[in-house]
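Throughout, numbering of the chain's residues begins at 1 and tracks the sequence. As the structure is a prediction and not an experimental result, all values here were calculated from the model.
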Amino acid sequence: MDAKTQEIVDKFKGRALNFVVVLKEIENVNETSSGLNISSSVDKNEKYRKAIVVSIGTECPKDGIQLGDTVMYDKHKANPLTQNAVEYVTLFYADLVWVG
């Protein structure tokens, strides 16, 4: 885990319970093969968001994800959570769609 990701994980105070995962959304950069950034036009219609895992519930499978992993999740199934003026999202472990 790089220093920036570690800082994001360390900033979250608390612990997720049961099958809940807490995530910090990050920018999903979409570039064409020529280097043109089309993120803003893609994001309007994109169902999935990219995030870093900051807390994993006690009942989540231990071999599935780890703190600091980059994941994709369904934005329609996530719930907002604000802690110390920092915005996070929570969702059930089963609603994660991709781990990178």
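- Side-chain atoms of Lys50 and Thr70, non-hydrogen and from C-beta on, do get closer than 4.5 Å to each other.
- The 12-atom threshold is exceeded at CD of Glu59, counting heavy atoms of other residues, nucleotides or ligands nearer than 6.0 Å.
- The CG atom of Leu96 lies 10.0 Å from the CG atom of Asp69; values are rounded to the nearest 0.5 Å.
- Both Ile26 and Val21 belong to a single network of hydrophobic side chains, linked directly or stepwise wherever heavy atoms of I, L, V, M, F, W or Y lie under 4.5 Å apart.
- By the criterion of side-chain heavy atoms lying less than 4.5 angstrom apart, applied directly or through intervening Ile, Leu, Val, Met, Phe, Trp or Tyr residues, Leu67 is grouped together with Val89 in one hydrophobic cluster.
- Residues Ile52 and Met1 share a hydrophobic cluster, clusters being chains of Ile/Leu/Val/Met/Phe/Trp/Tyr side chains in contact below 4.5 Å.
- Judged by distance alone, with hydrogens and angles left aside, the side-chain atoms of Asn84 form no donor-acceptor pair with the main-chain N or O of Val86 at under 3.5 Å.
- Ile65 and Val97 are not part of a single hydrophobic cluster, where members link through side-chain heavy atoms under 4.5 Å apart.
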In sequence, state the C-alpha distance, the side-chain angles, and the governing distance for Tyr88 and Thr82, and then conclude on side-chain contact (heavy atoms from CB on, under 4.5 Å). CA-CA 6 Å; Tyr88 299 96; Thr82 303; over 6 Å; no
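- Within a 6.0 Å radius of NZ in Lys62, other residues, nucleotides and ligands contribute more than 12 heavy atoms.
- Shown are Val20, Leu23, Thr90, Val22; of these, the side-chain contact (heavy atoms from CB on, under 4.5 Å) with Ser55 is made only by Val22.
- Sparse packing is recorded around CZ of Phe92, with 12 or fewer heavy atoms of other residues, nucleotides or ligands lying under 6.0 Å away.
- In the displayed structure, Lys77 atom NZ is contacted under 6.0 Å by at most 12 heavy atoms of other residues, nucleotides or ligands.
- Side chain of Thr58 to main chain of Asn18: a donor-acceptor pair is present (N/O by atom type, distance under 3.5 Å, no hydrogens or angles).
- Heavy atoms only, all atoms of each residue included: Val53 and Gln66 are closest at CB-O, 3.8 Å.
- Annotation: side chain of Gln83 is in contact with side chain of Lys13 (closest heavy-atom distance under 4.5 Å).
- Cluster membership check: Tyr93 shares its hydrophobic cluster with Phe12, using side-chain heavy-atom separations under 4.5 Å among Ile, Leu, Val, Met, Phe, Trp and Tyr.
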